[in-house]
Amino acid sequence: MVFNFLNFKRKKICKKCKYLSDSLLFDCHNSIKLCPISSVGLIEKDFNGIWLDVDKILSVKKDTLEKFNNNILDECLNCEYIEEENESANNTFKYLYLSNWKNCYVNCNYCNYPKEEDLIKANHYDISPSITQLFDKKLIDINTKVIFECGDATIHPEFDKILYHFIHLEMKNIEINTPALRYCESISEAIAANIATVIIPFDSGCPYIYERIKGINKYDIAVANIKRYLSFEEPSQKRVVLKYTIVNGINDNQKEILDWFMFARGLNIKKLAIDIDINFYNQVKNSLPQYLEELIVFAKNLSDYNNIEMVFSPRIDIIYKSMQKEK
């Protein structure tokens with residue numbers, strides 16, 4: 001059961017939000033903020049990449065956390081990601097989200113991001129100077145988890161430069177989201193150095209379903225690039241992660257899950273991830289269909305039996321934990 005914050009008294013609380021206390025986001029609208037899923041904790045509205053006001057970041061973080069801890073903010077009332085444990089925040093960010101683009105080579109039917117043609121219109125900037133400032137001011141360190149998200153990270157004009165910058169800084173935990181339609185030597189180097197994980201949304205084990213979901217007939221290209229990223233036996237088996245997003249009426253059945261799983265096992269991949277289309281999730285979360293619960297359990301059992309790690313997205317994790325509570 002999802003905790004209902006509407007029934008929680010609006011007075012001083014001891015709750016923790018990892019986004020407000022631990023995260024910093026550069027988004028595709030040239031904004032810098034604390035929360036990647038709401039407008040809470042806005043730091044800069046029209047950032048141009050030239051100079052980062054570090055003092056303002058700390059000031060906004062402090063003010064936002066004080067407001068949050070005294071009264072749950074209106075935007076946070078129904079948030080499912082607020083944790084019940086309370087931890088004191090410090091000035092170092094545990095998570096750095098780089099979402100300052102939305103473009104992608106594919107057209108997934110569960111994704112609302114602008115596509116490849118919008119790259120020309122997008123206002124991209126080199127984020128490397130800001131990274132250096134954050135590092136020099138100790139707001140991030142080598143243990144901060146860097147997350148390249150939104151669409152295809154590799155389509156960003158400065159992607160290789162930024163990733164090599166992180167490699168040079170000896171960052172230890174980098175996550176890159178890409179459908180693997182463009183091969184990047186920089187990603188292979190980061191995988192080989194055991195500092196980066198590449199998340200590849202694949203959603204299927206056969207070309208037909210892949211094309212239905214992706215809106216593009218490039219299954220073979222993606223497979224070829226996945227194999228290139230897997231060319232390092234160690235550590236790539238757990239550094240290349242295939243992701244499956246459950247889409248209503250297309251791949252929301254055990255056969256498609258099994259096809260995808262067997263494809264991954266055939267490549268000797270040792271780590272998988274599963275998610276659900278957010279629109280589908282919002283439709284069913286208050287009255288979850290039994291077949292969807294069974295599908296999640298089926299995927300979990302497959303991974304356990306085959307000794308392959310399965311990572312649940314926050315939405316899937318909420319579903320799975322609510323199922324466990326009901327037992």
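It should be emphasised that the depicted structure is a prediction, and the values quoted were computed from it without experimental measurement.
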Residues P179 and A222: closest non-hydrogen pair is O-CB, 3.9 Å
Could you check whether T245 and D277, counting side-chain N and O atoms only, form a donor-acceptor pair closer than 3.5 Å? no
Any chance you could measure I213, atom CD1, to C111, atom SG, to the nearest 0.5 Å? 12.5 Å
Between D160 and S186, a side-chain donor and acceptor under 3.5 Å: yes
Around N307, counting heavy atoms of other residues, nucleotides and ligands shown, do more than 12 lie under 6.0 Å from its CG? no
Check: K270 and N268 side chains under 4.5 Å, non-hydrogen atoms: yes
Taking atom CD as the centre, does Q290 end up with more than 12 heavy-atom neighbours from other residues, nucleotides or ligands that are less than 6.0 angstrom away? no
Looking at F93, does the NZ or CZ of K61 lie under 6.0 angstrom from its six-membered ring centre and within 45 degrees of the ring axis? yes
Any side-chain heavy-atom pair of T154 and F148 under 4.5 Å: no
Taking every heavy atom of W260 against every heavy atom of S204, the minimum-distance pair comes out as CD1-O, 3.6 Å
Does the S31 side chain pair with the main chain of D27, one donor and one acceptor, at a distance under 3.5 Å? no
Please check: side-chain N/O of D141 versus main-chain N/O of T144, any donor-acceptor pairing under 3.5 Å? yes
Among the clusters formed by ILVMFWY side chains lying less than 4.5 Å apart, do V40 and L42 turn up in the same one? no
For E256 and I250, which heavy atoms make the closest approach, and how far apart are they? CG-O, 4.0 Å
Regarding Y110 and D275, do their side chains bring together a donor and an acceptor under 3.5 Å, going by distance alone? no
To the nearest 0.5 Å, what is the distance between CD1 (I57) and CG (L139)? 6.0 Å
How long is the gap from CD1 on I308 to CZ on R265, to the nearest 0.5 Å? 7.0 Å
Donor-acceptor pair, D252 side chain versus G249 backbone, under 3.5 Å? yes
Should L52 and F47 count as side-chain neighbours, where that means a heavy-atom distance under 4.5 Å? yes
Do E189 and Y164 get their side chains close enough for a donor-acceptor pair, meaning under 3.5 Å? yes
If you group Ile, Leu, Val, Met, Phe, Trp and Tyr by side-chain heavy-atom gaps below 4.5 Å, do V311 and Y95 land in one group? no
Kindly determine whether Y208 and R212 satisfy side chain to side chain contact (heavy atoms under 4.5 Å, CB included), including the steps that lead there. CA-CA 6 Å; Y208 172 69; R212 281 190 65 189; 3.6 Å; yes
Short N-O contact, D259 and K255, less than 4.0 angstrom: yes
Going through the checks in order, is the side chain to side chain contact (heavy atoms under 4.5 Å, CB included) test met by V284 and N248? CA-CA 11 Å; V284 303; N248 185 29; over 6 Å; no
CD1-CG distance between I147 and L98, expressed to the nearest 0.5 angstrom: 9.0 Å
Show the nearest heavy-atom pair for residues L242 and I269, with the distance to one decimal. CG-CD1, 3.6 Å
Looking at every heavy atom in both A299 and I274, which two are closest together, and how far apart are they? CB-CD1, 4.0 Å
Which is it for L302 and L258 under the side chain to side chain contact (heavy atoms under 4.5 Å, CB included) test, yes or no, and what are the steps along the way? CA-CA 8 Å; L302 272 178; L258 182 60; 4.1 Å; yes
Does any non-hydrogen side-chain atom of I209 lie less than 4.5 Å from one of D203? no
Nearest 0.5 angstrom please: K218 NZ to L181 CG, how far? 6.0 Å
I would like to know whether V223 and K227 meet side chain to side chain contact (heavy atoms under 4.5 Å, CB included); could you show each step before the answer? CA-CA 6 Å; V223 172; K227 289 179 178 178; 3.8 Å; yes
Checking side chain to side chain contact (heavy atoms under 4.5 Å, CB included) between F159 and each of L163, I162, I155, which is the one that passes? L163
Minimum side-chain heavy-atom gap I131-L96 below 4.5 Å: yes
Heavy-atom nearest pair, I199 first then E175, reads CG1-CG, 3.7 Å
Residue list, salt bridge (charged side-chain N to carboxylate O under 4.0 Å, His left out) with K33, at least two apart or on another chain: none
So how far is it from I43 CD1 to K56 NZ, rounded to the nearest 0.5 Å? 8.5 Å
Is F312 close to I319 at the side-chain level, that is, under 4.5 Å between some pair of heavy atoms? no
Is any side-chain heavy atom of I216 closer than 4.5 Å to a side-chain heavy atom of N107? no
Residue pairs fulfilling ring pair (Phe, Tyr, Trp, His ring centres under 6.0 Å) with at least one residue in residues 175-207, sequence neighbours excluded: Y183-Y229, F202-Y210, F202-Y219, F202-F263
I want to check something: taking the side chain as every heavy atom from C-beta on, are I200 and N225 in contact at a cut-off of under 4.5 Å? no
